[in-house]
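Take a look at the structure below.
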Amino acid sequence: MPHSVRVRFAPSPTGYLHIGGVRTALYNWIFARQHGGKVILRIEDTDLERSTDEAVGWILDGLQWMHLDYDEGPFRQTERFDLYNESIDRLLAAGKAYRCYCTPEELEVRRKEALLKGRPTKYDGKCRNLREGEREGPFTIRFRAPQTGQVLVDDMIRGTVIFDETQMDDLIVRRSDGSPTYNLTVVVDDALMGISHVIRGEDHLSNTPRQIQLYEALGFQVPRFAHMALILGPDREKLSKRHGAASVSEFRDMGYLWEALVNYLIRLGWSHEDQEIFTMEEILEKWSLDDQRKSPSVFDHDKLEWLNGQWMKLLPAEEIAERLLPFLKERGVIEEEPDRNWLAEVVVSLRERSLTLVEMAEKAEFYFRDLEYDQEAAEKFLTADAEPLLERARGLLASQDDFSQEALHGALRAFLEDEGIKLKILAQPLRVALTYRKDSPGLFEVMEVLGKESTLERIEKALEWIRNR
RNA sequence: GUCCCCUUCGUCUAGUCAGGCCCAGGACACCAGCCUUUCACGUUGGCGACACGGGUUCAAAUCCCGUAGGGGACGCCA
């Protein structure tokens with residue numbers, strides 16, 4: 001049976017793109033790419049109250065930023081109501097579904113009662129065997145769920161999971177307003193779109209037996225399922241907004257690289273030897289759904305940050321420079337486009353000490369404009385004692401033609417040796433003069449990137465400051 | 001409450017299917033040393049876990065039984 005692999009990502013556009021959502025998308029995408037299959041994007045917007053076009057935009061942006069493309073779609077379920085209705089009518093005609101006149105209020109009362117008495121909270125079947133015209137009013141359509149056997153879910157991650165049909169509920173498949181509901185639309189779409197593998201979060205595991213019943217009632221072929229363990233917050237509950245950042249856009253805005261996020265996400269529940277850093281190519285080569293752990297994992301910001309720091313050093317400086325640009329603009333550090341080659345030099349000097357693009361943009365600020373001296377740094381290092389030394393260093397630098405860091409290092413070293421002074425003594429005042437801070441990239445690097453003119457200007461300015469203090 | 005899933009350092013994980021190589025390995029975080037012009041990076045070392053209780057076995061993190069804990073689902077949401 002050489003059927004092709006077809007997977008789907010099926011978010012509902014009711015809010016931001018959750019980090020768990022992109023992980024699902026990521027797994028599906030990798031699985032498809034590994035098997036030469038297709039990725040279908042389907043927007044599950046049957047909840048007319050909560051779905052918004054804005055949220056659709058966020059989803060599309062998020063996927064694009066994560067470099068997860070798709071082959072078909074996006075399809076919208078609201079444009080496919082005819083298909084769902086046809087299936088519902090088929091169920092009705094076959095006696096596999098029936099009208100239910102129970103109101104939400106009635107159901108709520110009975111549900112609470114069942115909960116109180118410790119009984120399963122499923123529908124009690126009141127309208128299951130109604131005679132024609134026995135009840136009146138608005139009605140929903142319920143699926144007549146088989147009640148006597150078992151449903152086996154053959155899950156690629158969790159093995160075979162058995163559910164008793166006595167536990168199965170008569171699901172509502174059509175609301176009283178005529179719109180179809182989730183469990184029906186998923187089944188119809190997955191079947192009609194030829195989805196071969198359904199890879200989704202574990203929160204859907206208990207829906208799976210109901211969906212299998214529907215597949216069978218409709219005569220559809222049941223796809224393979226894989227339910228991945230959820231991502232938890234520090235309190236071990238499903239990760240959500242109240243745990244802090246939970247949407248892709250937030251991570252993007254915090255200055256994370258998509259490569260790092262992908263890398264982090266793939267290491268949740270999976271590993272390969274002692275390797276921590278994975279490129280997408282390596283992931284495609286090494287990752288397998290079969291190795292996926294069953295237990296949920298807690299989201300660890302510290303580790304993501306560390307990984308991001310690694311990726312900051314791994315990617316070409318020109319690439320980082322490109323991605324740094326919006327953060328520099330956002331901070332108001334630059335208005336015009338800086339020279340790319342020069343920006344790349346800035347990046348090289350900062351990448352060892354920046355975990356995120358935001359941090360890098362902050363640290364880069366002194367390269368672009370004059371700043372106030374860090375108060376503590378100025379008090380400690382821009383002192384009367386330091387003035388003569390700084391003055392002589394300025395003279396030396398002024399006569400220096402080669403401003404490469406190697407040349408600068410050599411020249412300054414020789415000078416200090418003559419004077420019998422340790423580099424340490426000059427370095428800090430000079431650092432504060434050039435960067436306005438007490439911590440910075442290496443001095444000689446800074447001077448090279450800054451260039452002769454700015455370097456001398458800044459030392460001049462610092463000397464003036466000392467004289468005026 | 002009912003059903004289902006899960007359980008190795010604080011966290012992510014290796015080892016569990018094929019018991020001995022594991023008085024449990026790696027990574028993040030934390031602490032200390034080294035490197036060093038600052039901050040970092042890097043590097044070396046330290047701290048730190050088989051949820052618990054029974055069994056089976058010469059031998060159990062690994063197999064069996066039980067208990068406890070955590071999570072998810074129970075909607076005219078998806």
Side-chain angles (χ1 to χ4, degrees), chain A residues 10-14 44-47 49-51 77 100 102-104 107-108 111 114-122 138-142 153 155 157-158 161-164 166-169 171-183 185-186 201-209 227 229-230 232 234-238 264 267-277 293-307 309-310 313 350-355 363 377 381 409 412 416 422-428 430-432 435 437-444:
Chain A
S12 66
T14 51
E44 310 219 319
D45 55 354
T46 52
D47 184 345
E49 306 259 309
R50 296 193 297 163
S51 299
Q77 291 192 318
C100 172
C102 299
T103 65
L107 292 169
E108 187 55 27
R111 209 175 356 253
L115 204 56
L116 230 57
K117 289 183 179 162
R119 287 199 315 256
T121 51
K122 68 177 209 173
F139 59 88
T140 60
I141 304 295
R142 278 184 191 272
V153 179
D155 192 278
I157 291 173
R158 333 193 81 84
V161 184
I162 302 167
F163 293 84
D164 262 320
T166 50
Q167 304 289 335
M168 296 295 104
D169 211 342
L171 300 168
I172 289 176
V173 290
R174 176 148 69 205
R175 301 185 183 91
S176 50
D177 69 1
S179 63
T181 61
Y182 167 71
N183 279 296
T185 59
V186 191
E202 199 202 323
D203 47 349
H204 286 285
L205 184 54
S206 52
N207 280 326
T208 309
H227 289 93
L230 301 178
L232 274 25
D235 58 358
R236 305 208 133 263
E237 284 185 34
K238 198 155 98 171
Y264 180 75
R267 276 287 283 99
L268 250 33
W270 177 81
S271 66
H272 177 77
E273 295 170 354
D274 287 340
Q275 192 172 341
E276 295 288 349
I277 313 291
R293 275 178 67 90
K294 300 181 180 82
S295 50
S297 29
V298 174
F299 195 91
D300 184 357
H301 278 272
D302 284 336
K303 187 149 188 183
L304 204 215
E305 206 165 59
W306 171 79
L307 256 182
Q310 298 297 311
K313 285 169 236 160
L350 292 169
R351 70 200 317 188
E352 295 287 313
R353 55 214 102 222
S354 308
L355 263 14
K363 293 200 155 113
F381 298 111
H409 199 157
L412 219 63
L416 289 165
K422 283 198 189 314
L423 175 58
K424 225 177 188 148
I425 308 296
L426 171 63
Q428 284 306 80
L430 194 49
R431 183 186 316 285
V432 179
T435 71
R437 310 263 177 90
K438 57 181 185 295
D439 50 73
S440 80
L443 260 189
F444 305 104

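Within every chain, numbering begins at 1; the chains are lettered A, B, ... in the order of the sequence lines, protein sequences first and strands thereafter.
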Need one value for A:L307: base, sugar-phosphate or nothing, where a base atom within 4.0 Å counts as base even if backbone is also close, heavy atoms only. nothing
Which part of the nucleic acid does A:P234 contact within heavy-atom distance under 4.0 Å: base, sugar-phosphate only, or nothing? nothing
Would you mind reading off the distance between A:R50 atom CZ and B:A78 atom P, rounded to a whole angstrom? 8 Å
Please check if atom NZ in A:K422 has more than 12 non-hydrogen atoms from other residues, nucleotides or ligands closer than 6.0 Å. no
Within this structure, what is the CG-to-P distance between A:L232 and B:C6, rounded to whole angstrom? 15 Å
Under 4.0 Å, counting only non-hydrogen atoms across every strand here, what does A:R236 touch: a base, just sugar-phosphate, or nothing? sugar-phosphate
Nucleotide B:C17, atom C1' - distance to CZ of A:R293 in whole Å: 14 Å
Kindly indicate whether the side chain of A:L443, heavy atoms from C-beta on, has any atom under 4.5 Å from the side chain of A:H409. no
Any-strand Watson-Crick or G-U partner of B:G42, both distances under 3.5 Å: B:C34
How many whole angstroms separate atom CG of A:L115 from atom P of B:C3? 13 Å
Out of B:C3, B:A14, B:G72, which nucleotide sits closest to the side chain of A:Q167? B:C3
For the pair made of CD in A:E202 and P in B:G72, what is the distance, rounded to whole Å? 9 Å
Mind checking if A:K238 touches a base, just sugar-phosphate, or nothing, with heavy atoms under 4.0 Å? sugar-phosphate
Mind checking whether A:E202 and A:K294 have side chains closer than 4.5 Å, heavy atoms only? no
What nucleic acid atoms does A:H204 come within less than 4.0 Å of, heavy atoms only: base, sugar-phosphate, or nothing? base
Separation of A:E49 CD from A:T14 OG1 (nearest 0.5 Å): 12.5 Å
For A:L268, report the nucleic acid contact type (base, sugar-phosphate, nothing); a contact means any heavy atom under 4.0 Å. sugar-phosphate
As a test of reading the structure: which of B:A78, B:U11, B:C6 is closest to the side chain of A:Y182, going by heavy atoms? B:A78
Closest approach to the side chain of A:P120, judged atom by atom: which nucleotide of B:A14, B:U2, B:U37 is it? B:U2
In Å, rounded to the nearest 0.5 Å, how long is the span from CG of A:L430 to CG of A:L412? 7.0 Å
Could you tell me whether A:P104 contacts a base, only the sugar-phosphate backbone, or nothing, with contacts defined as non-hydrogen atoms closer than 4.0 Å? base
Would you say the side chain of A:R119 and the base of B:U2 hold a donor-acceptor pair, judged only by whether the two atoms sit under 3.5 Å apart? no
Does the side chain of A:T46 reach to within under 4.5 Å of the side chain of A:T181, using non-hydrogen atoms? no
Partner of B:A59 under the Watson-Crick or G-U wobble criteria, both distances under 3.5 Å, comes out as none
Across all strands, who's sitting opposite B:C28 as a Watson-Crick or G-U wobble pair, both distances under 3.5 Å? B:G10
May I ask you to verify if any side-chain N or O of A:S206 is less than 4.0 angstrom from the OP1 or OP2 atom of B:C3? no
Measuring from the side chain of A:F163 (C-beta onward, heavy atoms only), which nucleotide among B:C4, B:A78, B:G72 has the closest atom? B:C4
Should the side chain of A:S176 and the base of B:C76 be counted as holding a donor-acceptor pair, with the cut-off at 3.5 Å? yes
Is there a side-chain contact between A:R431 and A:K438 (heavy atoms, below 4.5 Å)? no
Grab the CZ-P distance between A:R111 and B:A73 for me, whole Å please. 15 Å
Select base, sugar-phosphate, or nothing to describe what A:T140 touches, counting heavy atoms under 4.0 Å on all strands. base
Classify every nucleotide of nucleotides 24-30 of chain B by which part a protein heavy atom approaches to under 4.0 Å, writing B for the base, S for the sugar-phosphate alone and - for neither, in 5'-to-3' order. --BBBS-
Check every strand shown and say whether A:D45 touches a base, only sugar-phosphate, or nothing at a heavy-atom separation below 4.0 Å. nothing
Could you please name the partner base of B:C3, counting Watson-Crick and G-U wobble pairs only when both distances are under 3.5 Å? B:G72
Tell me which nucleotide, if any, is Watson-Crick or G-U wobble paired with B:U16 when both distances must be under 3.5 Å. none
Please tell me if the side chains of A:F299 and A:L232 come closer than 4.5 Å, counting only heavy atoms from C-beta onward. no
Sort out the partner of B:C52 for me: Watson-Crick or G-U wobble, both distances under 3.5 Å, none otherwise. B:G66
What is the nucleic acid contact for A:S440, judged by heavy atoms within less than 4.0 Å: base, sugar-phosphate only, or nothing? base
Verify whether the ring centers belonging to A:Y182 and A:H204 lie closer than 6.0 Å. yes
Kindly give the atom pairs (protein nitrogen or oxygen, nucleotide nitrogen or oxygen) under 3.5 Å for nucleotides 64-67 of chain B.
none

Base, sugar-phosphate or nothing for A:L430? Non-hydrogen atoms, less than 4.0 Å. nothing
At what distance, to the nearest 0.5 angstrom, does SG of A:C102 lie from CZ of A:R142? 6.5 Å
With heavy atoms under 4.0 Å as the rule, sort A:T46 into base, sugar-phosphate or nothing. sugar-phosphate
Around atom NZ of A:K122, are there more than 12 heavy atoms of other residues, nucleotides or ligands at under 6.0 Å? yes
Hey, is the main chain of A:Q77 close enough, under 3.5 Å, to the side chain of A:D45 for a donor-acceptor pair? yes
Under the salt bridge (Lys or Arg N to Asp or Glu O under 4.0 Å) criterion, do A:K313 and A:E352 qualify, and how do the steps go? CA-CA 7 Å; A:K313 285 169 236 160; A:E352 295 287 313; 5.1 Å; no
Looking across every strand, which nucleic acid part, if any, lies under 4.0 Å from A:G442 by heavy atom: base, sugar-phosphate, or nothing? base
What about A:R353: does its side chain form a donor-acceptor pair under 3.5 Å with the base of B:C39? yes
Without decimals, in angstroms, what is the distance between A:K438 NZ and B:A40 P? 11 Å
Any idea which of B:C5, B:C41, B:C76 is nearest the A:K313 side chain? B:C41
Given B:U37, B:A73, B:C76, the nucleotide with the shortest approach to the side chain of A:L107: B:C76
Atom-pair distance (CG on A:D164; C1' on B:C5), nearest Å: 16 Å
Quick one: label A:T121 by what it contacts on the DNA or RNA (base, sugar-phosphate, nothing), any heavy atom closer than 4.0 Å. base
Please name the nucleotide paired to B:C22 by Watson-Crick or G-U wobble geometry with both distances under 3.5 Å, or report none. none
